[in-house]
Amino acid sequence: MSTIKIEAVAPEASRCGESPLWEEKSNSLLFVDIPGKKICRWNSLTNQVQEIVIDSPATSVAIRQCGGYVATVGTRFCVVNWENQLVSDLVSVDQDKKNNRFNDGKVDPAGRYFAGTMAEETAPAVLERHQGSLYALFPNGTVKKYFDNVDISNGLDWSLDHKIFYYIDSLSYSVDAFDYDLQTGLIVNRRSIYKMEKEEQIPDGMCIDTEGKLWVACYNGGRVIRIDPETGKRLQTVKLPTDKTTSCCFGGKDYSELYVTSARDGMDPDKLSRQPEAGKTFKVI
């Protein structure tokens, strides 16, 4: 990415776009609009966006091996049938915390759907602290709770050899790592591998590239950063035309394109006039 080109894709802006995921078979980018309560699919060949509107905040989406999708909706893991526009509940979590909802989620290489919860925000990144937990939905339908006292459960991914699980709790301003057992899903030995710089603001969604380096979207920082998880060094900064960058993933031909979602909720009219592409999804090549 020596010469970087950034362009907005998908016609409409999201209130808070999140959880981008490339679907190879349809040449499409999946993502959600959390407060808009939408699961969206942008076709890169036609530039058309299809969406399913649901009854609660849609916070992440993943591809099912047997067809269709799974998603986190409110405090529920759900199955999504795109053709019928139907969303069916699988299991609920945090039933004792009525103000909670899921946030980011992702499926590990063995098919476990990891996703964490948080309290509903009163304003972007303003919420009751320590109300969330990290869960995983296993392929057999059982749910495991890994830990609690989470503020804003966010970016997650696995090392290329699947031996390390990377995780962000946003208000810790840290990217953390755990030792990971792919066979059992066990995570141990939590440690911080990168502390955010002041101008980078709040760490949000995250993905890993083919060299094993992490890309972290910086909410309120208007950028994504590339970090080396082994040395803890920042390798690259890509600035976006809006402050509220939320998450990122690789996609497109040969997975050579970086897609970055963003938000516009919480921006006043003056800032929106200066950042008219806020809420758009961007392609970085």
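Quantities reported herein were computed from a predicted structural model and do not represent experimental measurements.
- In the model, Tyr135 has no side-chain atom that pairs as donor or acceptor with a side-chain atom of Ser153 under 3.5 Å.
- Checked by atom type and distance alone, the side chain of Asp228 pairs as donor or acceptor with a backbone atom of Glu230 at under 3.5 Å.
- Ser28 and Ser26 are linked by a side-chain donor-acceptor pair at a separation below 3.5 angstrom, with hydrogens and angles left out of the test.
- Between the side chain of Thr245 and the backbone N or O of Arg223 there is at least one donor-acceptor pair closer than 3.5 Å.
- For the residue pair Ser60 and Ser19, no side-chain donor N or O sits within less than 3.5 Å of a side-chain acceptor on the partner.
- For an aromatic pair to be called close, the ring centres must be under 6.0 Å apart, and Phe77 with Phe102 satisfies this.
- A donor-acceptor pair under 3.5 Å is absent between the side-chain atoms of Glu200 and the main chain of Ile225, judged by distance alone.
- Taking CD from Glu51 and CD1 from Ile39, the interatomic distance works out to 10.5 Å, rounded to the nearest 0.5 Å.
- In this structure, Arg191 contributes its side chain and Asn189 its backbone to a donor-acceptor pair below 3.5 Å.
- Residue Thr117 forms a side-chain hydrogen bond (donor to acceptor under 3.5 Å, both in side chains) with just one option from Asp148, Thr59, Asp94, and that option is Asp94.
- The distance between the ring centers of Tyr259 and Phe282 does not fall below 6.0 angstrom.
- Proximity of the aromatic rings of Tyr166 and Trp158 is defined here by a centroid distance below 6.0 angstrom, and this criterion is not met.
- Under the 30°/60° scheme for interplanar angles, the aromatic rings of Phe165 and Phe114 are found to be tilted.
- Note: Tyr69 and Trp82 meet the aromatic proximity criterion, with ring centroids under 6.0 Å apart.
- No donor-acceptor contact under 3.5 angstrom links the side chains of Ser262 and Thr242, judged on distance only.
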| Run the side chain to side chain contact (heavy atoms under 4.5 Å, CB included) check on Glu23 and Arg41 step by step: do they pass? | CA-CA 9 Å; Glu23 185 177 46; Arg41 187 170 70 184; 3.8 Å; yes
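- Checking side-chain atoms of Lys97 against main-chain N and O of Gln131 turns up a donor-acceptor pair under 3.5 Å.
- No hydrogens or angles considered: nothing links the side chains of Gln201 and Tyr173 as a donor-acceptor pair under 3.5 Å.
- Paired with Asn154 under the rule side-chain hydrogen bond (donor to acceptor under 3.5 Å, both in side chains), one option of Asp169, Asp204, Thr246 passes, and it is Asp204.
- With hydrogens and angles disregarded, a donor-acceptor distance shorter than 3.5 Å links the side chain of Thr261 to the backbone of Ser247.
- Of the possible donor and acceptor atoms, one in the side chain of Lys106 sits under 3.5 Å from a partner among the backbone N and O of Met206.
- By the 4.0 Å N-to-carboxylate-O rule, Arg190 lies too far from Asp179 to be salt-bridged with it.
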